[in-house]
Q: 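After the structure tokens below, expect a handful of questions from me.
Just so we're clear, the structure is a prediction, and the values are computed from it rather than from any experiment.
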Amino acid sequence: MSSSNDTATMVDRENPVHGAAALTGWQGRAVFAIAIAFTFFQIITAAFSPLSTIVLRSVHVGFLLALTFMLFRARRGAQSDRAPWYDLALAALAFCLSLYHWAFEGDLIQRAGDPTTNDLIVGTIITVLVLEGARRVMGWELPLLCALFIPYAIFGRSLPDFMMHRGFDFEQVIDTLYFGTEGILGTPTFVSATFIFLFILFGALLERAGMINLFNDLALGTVGHHKGGPAKVSVISSGLMGTINGSGVANVLTTGQFTIPLMKRFGYRPAFAGAVEACSSMGGQIMPPVMGAVAFIMAETIGIPYSEVALAAVIPAVLYFFSAFWMVHLEAGRANLLGLRKEDCPNALKALVTKWYLLLPLVVLVYLLFSGFTPLFAGTMGMALTAVLILGQHAAGQMKVTFYRILFWIGLGLCAAILYRFTPLRIESLAVVMIGLLVVLTWFVQGGRETQRLLLHSFADAAKGALGVGVACALVGILVGISQMTGLANDLARGILAVAGDNLLLALMMTMVTCIILGTGIPTIPNYIITSSMAAPVLAEMGVPILVSHMFVFYFGIMADLTPPVALAALAASSVAKESHMKIAFTATKIGIAGYVVPFMAVYTPALMLQGGTWFDTAYVAFKAVIAICLWGGAASAWLIGKMNWFERIWAAGAAFLFVLALPITDEIAFAATVAFLLFHWWKSRRVTAKTA
């Protein structure tokens, strides 16, 4: 593989735009225009709600398919700067048919459940186009699985006993898949068309505004000069990136271009450098406030506010990044790796003072999410505020006197207040109007058109960045719709319950293995939807809180991207680190141990995810998790205060395992074993130091 871009072409299933064709000429301009139109459509529908939800979902899928057929060729490796005529025809056909719901909305409502011949033709073509579009974006595995569900639904009576069901007519299947809200236009597509797109746009705008540089400067300025500084910079910058970007592989391919070479230059092994970046970047999907797309689908599926999902994820996310940070620290101690010179590191405080305004949209987003506002409103306001800052900062920057710049922002605020007071506009609608006013203003300011181009490129990036998630959401609707029709999910859940019996640990292990196996071939979203429909009801029946059971599935769907043999995040890092992706994957598995352990701890002690119990219970289990992570880190790296032999490593790992079990007296034994181990290791390390002195 020649470059990171080549790697991205193969592995980034959540954000596959890296592997898209770079069209030139009028086709390139057409793609750019369609991407901009897609983003404007999403902004307008979010701010003004002019369309019904079924029309919104349908047109959203139409835009996704149009861009997919223009940017992705029918054969892998056949990327070129020109799209063939048949791909252009498929793009036009997909978009035109997506308007069917809009054009015949009233008629479709009246004949719901009784589709006409035209309805069936349109539904069939859209279903085939979704399958083909998904195949181009993510490969054969999941589209083939979803395609097999269609004959499964039709020929249910002819199947073996253990798979048999009543069977459905072709008309019923197509009606469910495209004309209801259980199939292609189901909950995942609804979430993609509302929350997810806006948060992707929010992240794209912040990245264009310079947030990546701010995060890197903060990380370098705070820990860059400490022991193992370059790797600690990777952990912190990736963690900060995770607050605005929910795509793990995309994070590897952005922050990793800077951090992996830096780590190698300061003595870290290539495998370790790649593993640190892969592990840290995958943590972005579990780091609030902007988590992976699955978190939004989860909230909608189980019917709770997104803020509850984000709040439940806070402690596990902190533990995950603490685990990575701790492993980096131990590796630096073991190999005696130093940090950068302090004079070579940027001043973190200066960076914060200079670019503090970039944090405002993030602060507002967090406040709105945790104040009870919907993710749709919070995302719209966060996106709008970021756009206002980009445009307003340029307009105000042309004023040489600070007093005039302050007056500009005050005047802008007064203008918004007057419009809100004397017009019927809602707040999110008003925010979009303010962006329009600033666009007009910057048109007449020197350099303003370049700023507007930056904004438009952010819009296009967001539309292209939504392809992987959006197409996966539409595709998995086929699987969800047919599972609900046939009762397959309930049958599988009963099967798991029959095998596991009352053994919760066995049910958890089966769920974990299923998530990791599915994760080797399909993205996180369908992995979560498939596994949660089977396993989450089983875990809930065994007494696990519903949110914890869904988070358990979510975490292991993510950890599949770190787990050998596929380990997509490690594969993405391998081209930058110039090292075998399997070596990176096995090292990443050790570094990200918290991602494997914390979900089990949360099931046995839900207080870790703030589900039940007191604050003391939460603090206690978090404290246990920190000790377990520290012990495991020592066992995995063979270093704590000094070098650890195999006896000490087994001792430390055993004590860490006891902390996880949460059975009667295991905590007491674990604490005693930990104290004894630390005393022994301290005594042994002092003896070794004295002998070598």
Side-chain angles (χ1 to χ4, degrees), residues 13-15 38-39 41-43 45-46 49 51-65 98 130 134 137 142 180-203 245-247 285-286 288-310 312-313 365 368-369 373-380 382-383 462-463 465-481 483-484 522-533 536 546-547 550-551 553-554 557-558:
R13 298 175 305 201
E14 308 291 346
N15 185 21
F38 187 13
T39 301
F41 170 78
Q42 294 293 155
I43 293 173
T45 53
S49 304
L51 301 175
S52 66
T53 180
I54 195 74
V55 173
L56 168 63
R57 302 179 200 197
S58 181
V59 178
H60 176 77
V61 171
F63 271 116
L64 290 171
L65 292 177
S98 74
V130 167
V137 170
L142 184 60
T181 54
E182 297 84 26
I184 292 171
L185 305 182
T187 297
T189 296
F190 168 72
V191 176
S192 173
T194 52
F195 316 147
I196 294 174
F197 191 98
L198 286 174
F199 280 88
I200 290 173
L201 177 57
F202 173 72
N245 186 334
S247 174
Q285 294 192 63
I286 62 172
V290 182
M291 301 168 66
V294 169
F296 295 96
I297 296 173
M298 184 194 307
E300 197 69 22
T301 301
I302 60 182
I304 63 172
Y306 171 76
S307 57
E308 283 191 31
V309 176
L365 181 74
L368 292 175
L369 283 174
F373 292 95
T374 66
L376 183 62
F377 179 83
T380 303
M383 174 277 301
L467 292 181
V469 172
V471 171
C473 286
L475 175 68
V476 83
I478 297 174
L479 189 148
V480 172
S483 295
Q484 291 179 350
I522 62 177
T524 309
I525 292 171
N527 187 347
Y528 162 77
I529 291 173
I530 294 169
T531 314
S532 64
S533 65
I546 188 69
L547 177 57
H550 279 260
M551 291 289 270
V553 173
F554 175 35
I558 292 170

Q: Roughly how far, to the nearest 0.5 Å, is OG1 of Thr189 from CD1 of Ile297?
A: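 These two atoms lie 8.5 Å from each other.
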Q: For residues Ile196 and Ala293, report the shortest heavy-atom separation together with the two atoms involved.
A: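 In this case the closest contact between Ile196 and Ala293 is CD1-CB, 3.4 Å.
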Q: Does the side chain of Phe190 reach to within under 4.5 Å of the side chain of Thr181, using non-hydrogen atoms?
A: no
Q: Is there a side-chain contact (heavy atoms from CB on, under 4.5 Å) between Ile525 and Ile529? Walk through the geometry before answering.
A: CA-CA 6 Å; Ile525 292 171; Ile529 291 173; 3.9 Å; yes
Q: Hey, what do you get for CD (Glu308) to CG (Leu547), rounding to the nearest 0.5 Å?
A: 7.5 Å
Q: State which residues pass side chain to side chain donor-acceptor pair (under 3.5 Å) with His550; sequence neighbours excluded, sorted by chain then number.
A: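 Listed in chain order: Tyr528.
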Q: Looking at Ala193 and Leu56, what are the two nearest heavy atoms and their distance?
A: CB-CG, 4.2 Å
Q: I would like to know whether Met298 and Ile304 meet side-chain contact (heavy atoms from CB on, under 4.5 Å); could you show each step before the answer?
A: CA-CA 9 Å; Met298 184 194 307; Ile304 63 172; over 6 Å; no
Q: Which value, rounded to the nearest 0.5 Å, describes the distance between Ile558 atom CD1 and Ile286 atom CD1?
A: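 That separation rounds to 6.0 Å.
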Q: Can you tell me how far the CG atom of Leu198 sits from the OG1 atom of Thr45, to the nearest 0.5 Å?
A: 7.5 Å
Q: Compare every heavy atom of Ala295 with every heavy atom of Tyr306, then report the nearest pair and how far apart it is.
A: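 Result for this residue pair: CE1-CB, 3.8 Å.
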Q: Is there a side-chain contact between Cys473 and Val191 in this structure, where contact means two heavy atoms from C-beta onward sitting under 4.5 Å apart?
A: no
Q: Over all heavy atoms of both residues, which pair between Ser58 and Ser98 is shortest? Give the atoms and the distance, please.
A: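 For Ser58 versus Ser98, the nearest heavy atoms are OG-O, 2.6 Å.
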Q: First locate atom CG of Asn527, then atom OG of Ser532, and finally report the distance between them rounded to the nearest 0.5 Å.
A: 9.0 Å
Q: Under a 4.5 Å cut-off applied to non-hydrogen side-chain atoms, are Thr39 and Phe197 in contact?
A: yes
Q: What closest approach, in Å, do Pro375 and Phe296 show between heavy atoms, and which atom pair accounts for it?
A: CB-CE2, 4.1 Å
Q: Measure the acute angle between the ring planes of Phe373 and Phe377, then classify it against the limits of 30° and 60° as parallel, tilted or perpendicular.
A: parallel
Q: Tell me the closest heavy-atom pair linking Ala310 and Pro288, and the distance in Å.
A: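 Where Ala310 meets Pro288 most closely, the heavy atoms are O-CG, 3.2 Å.
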Q: From Ile200 CD1 over to Phe195 CZ, what is the distance, rounded to the nearest 0.5 angstrom?
A: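 Answer for the CD1-CZ pair, Ile200 versus Phe195, is 13.5 Å.
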Q: Quick one: are Ile184 and Arg57 in side-chain contact, heavy atoms under 4.5 Å?
A: no
Q: Parallel, tilted or perpendicular: which describes the rings of Phe63 and Phe38, with under 30° parallel and over 60° perpendicular?
A: parallel
Q: Less than 4.5 Å apart, any side-chain heavy atom of Ile43 and any of Met383?
A: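 Counting from C-beta outward, Ile43 and Met383 do come under 4.5 Å.
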Q: Got Pro526 and Leu479 here, is their nearest side-chain heavy-atom distance under 4.5 Å?
A: no
Q: With sequence neighbours excluded, what pairs up with Ser192 under the side chain to side chain donor-acceptor pair (under 3.5 Å) test?
A: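 For Ser192 the side chain to side chain donor-acceptor pair (under 3.5 Å) partners, ignoring immediate neighbours, are His60.
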